Amino acid sequence: MAVGIFDSGLGGLTVLDAAQKRLSDVDFLYFADSAHAPYGVRDAEDIYQLTRKAVSDLWSRGCDLVILACNTASAAALRRMQEEGVPEGKRVLGVFVPLIEALTERQWGDNSPPREVAVKHVALFATPATVSSRAFQRELAFRAIGVDVEAQSCGGVVDAIEDGDMILAEALVRSHVDALKRKMPEPQAAILGCTHYPLMAETFQKALGPDVQVFSQGDLVAQSLADYLQRHPNMLGTGEGGFVTTGKPDFVSDRATQFLRRQIAFEAA
Ligand code: DGL
C-alpha cells in the first residue's frame, strides 16, 4: 500500500519528509523526474505531458492517490489532468490549496466567499512557470480580498539545488529576495512556492528578516494529506513504497541522502 509523491526532482522530498513524520504507518512511492528537471523553465504543454506521464507511471505501480509535490506541475498540469479525467479509482492532488488555506486562515474545504484576512502584503517566491501561470493569485482570489501579492520568479535556484551547488543556491536566493524587496519593501508574509525552496528556508528567512512569516508547504500538505486519508482510507493503494527516478539513481540518491540526512536509495524508473 503506497501513496505516490511526484516532483520534477528532489524538492518533493520536503513534502515526503513531513508526510512520513506525520503518517508513520503509510508507505510512499516517490517519483523524481530528474532527467527532465527543472520543470520551471519549460512551457505549460511540456510540463503537462511530463507530469501526466509520471503520474500514470505511479498509478500503474499501484498508487491510487498521487500528490503533485511540485508547484510547477500543480500550476501547469493539475487542473487539465482533472478536467480530462483520471482513471477510475485514481486521484491526483496538488500542493497549492493547503498553503493558501493556511495563509487565509481557513479550515480544509471552507468554500465560503472571499473575505479580508490579516495579511495584506505577500511575497511569492516560485519558479518562472509557476509565476507566469498566476495560479497562486487565482486560488488566493477565491478565498481572500485586499491581498497584495508580489511574485518573484527565482531562476536558477532549482538547478543549483539539483546539482548540489548550495553556495550558488544561497547566492541566488539572496539576490531574488533583494529583487523582491525592491518591488515590495515590507512584505508581511513570504510563500516558498516551490517545494525545493524549504531546503533553503534559513537563507530565505535571514534575507527577509525576522519579522516576515515564511510559509512552506511540507507540514501543511502533510496535515491535509492526513485529513484526506482519514476521510478516504480506501485510497492507500496497492503499490510498494520506495524511490524511483528518471535520472541517474546513484547521483540522485547521494543528493537525497544529503538533504534528508538519512540513507535514501533511488532505483531507475
Ligand atoms: N519543486 C518544484 C516546484 O515546486 C519544481 C521545480 C522545477 O522543476 O523547476 O515548483
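None of these values were measured; they are calculated from a predicted model. Just follow the structure's listing: the first ligand is 1, and inside any ligand the first atom is 1. Atom set for the values below is all heavy atoms of this structure, side chains included, hydrogens, waters and symmetry mates excluded.
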Aromatic ring pairing Phe204/Tyr197, orientation class (parallel under 30°, perpendicular over 60°, tilted between): tilted
Pairwise side-chain contact, His196 with Glu162, heavy-atom cut-off 4.5 Å (strictly under): yes
Any Gln217 side-chain heavy atom under 4.5 Å of Thr14 side chain: no
Within the protein, flag every N or O under 3.5 Å from an N or O of ligand 1, and note the pair and distance.
unit_1   : atom_1 : unit_2 : atom_2 : d
ligand 1 : 1 (N)  : Asp7   : OD1    : 3.1
ligand 1 : 1 (N)  : Thr195 : OG1    : 2.9
ligand 1 : 1 (N)  : His196 : ND1    : 2.7
ligand 1 : 4 (O)  : Asn71  : N      : 2.8
ligand 1 : 4 (O)  : Asn71  : ND2    : 3.1
ligand 1 : 4 (O)  : Thr195 : N      : 2.8
ligand 1 : 4 (O)  : Thr195 : OG1    : 3.3
ligand 1 : 8 (O)  : Ser8   : OG     : 2.6
ligand 1 : 8 (O)  : Tyr39  : N      : 2.7
ligand 1 : 9 (O)  : Tyr39  : N      : 3.3
ligand 1 : 9 (O)  : Gly40  : N      : 2.7
ligand 1 : 10 (O) : Asn71  : N      : 3.4
ligand 1 : 10 (O) : Thr72  : N      : 3.1
ligand 1 : 10 (O) : Thr72  : OG1    : 2.6

Enclosure of Arg134 CZ (heavy-atom neighbours >12, cutoff 6.0 Å): no
Mutual orientation of the aromatic rings belonging to Tyr30 and Phe243 [parallel < 30°, tilted 30-60°, perpendicular > 60°]: tilted
Heavy-atom side-chain contact between Val212 and Gln188 under 4.5 Å: no
